[in-house]
Amino acid sequence: MSSHVPVIATDSVGSREIVKDGYNGYLINEGDVNKLAHCIKRLIIDDNELDRLGENARKTILENFSIETMVKQYENLYFNALGTN
């Protein structure tokens, strides 16, 4: 995602935290090979969709998983655990 590549992932708890279906990638149900094929085909055929999802994928990573964001989240976690927020 940080390389402007949208994700096609199985719709599960971990994936849902990062991938927003139709925004920065696609979520598919386990075993749904028809939707998987449809999503792959769409990204191959539609350059605009590929670019849009890819840009949103990169934005998702930069906004939520940059080193600065991760450090701040850990700081908040520790401060909350210590009761010093």
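Position 1 is the first residue of the sequence; numbering continues from there.
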Residue pair Phe65 / Thr60: nearest heavy atoms and the distance that separates them: CD1-O, 4.0 Å

Asn24 (side chain) donor-acceptor with Lys20 (main chain) under 3.5 angstrom: yes

Within 6.0 angstrom of Ile45 CD1, more than 12 heavy atoms from elsewhere: yes

Rounded distance (nearest 0.5 Å) linking atom CZ of Arg16 with atom CG of Asp21: 11.0 Å

Minimum heavy-atom distance between Leu62 and Thr69, given as atom pair plus value: O-OG1, 4.3 Å

Worked verdict on Leu36 versus Asp32 for side chain to side chain contact (heavy atoms under 4.5 Å, CB included): CA-CA 6 Å; Leu36 174 62; Asp32 191 347; over 6 Å; no

Check: Asp11 main-chain N/O paired with Ser15 side-chain donor or acceptor under 3.5 Å: no

Worked verdict on Asn29 versus Lys35 for side chain to side chain contact (heavy atoms under 4.5 Å, CB included): CA-CA 8 Å; Asn29 292 324; Lys35 185 170 181 187; over 6 Å; no

CE on Met70 to CD on Glu75, rounded to 0.5 Å: 12.5 Å

Exercise: identify the closest heavy-atom pair between Pro6 and Ala57: CA-CB, 4.3 Å

Sub-4.5 Å side-chain heavy-atom contact between Arg58 and Met1: no

Close side-chain approach of Asn76 to Lys72, heavy-atom, < 4.5 Å: yes

CD1 on Ile40 to CZ on Arg42, rounded to 0.5 Å: 14.0 Å

Nearest heavy atoms of Ile28 and Cys39, plus distance in Å: CG2-SG, 4.2 Å

Separation of Asp46 CG from Lys41 NZ (nearest 0.5 Å): 12.5 Å

Separation of Asn56 CG from Glu63 CD (nearest 0.5 Å): 9.0 Å

pair His38-Tyr26: side-chain heavy atoms closer than 4.5 Å: no

Shared hydrophobic cluster, Ile18 / Val7 (ILVMFWY, side-chain heavy atoms < 4.5 Å): yes

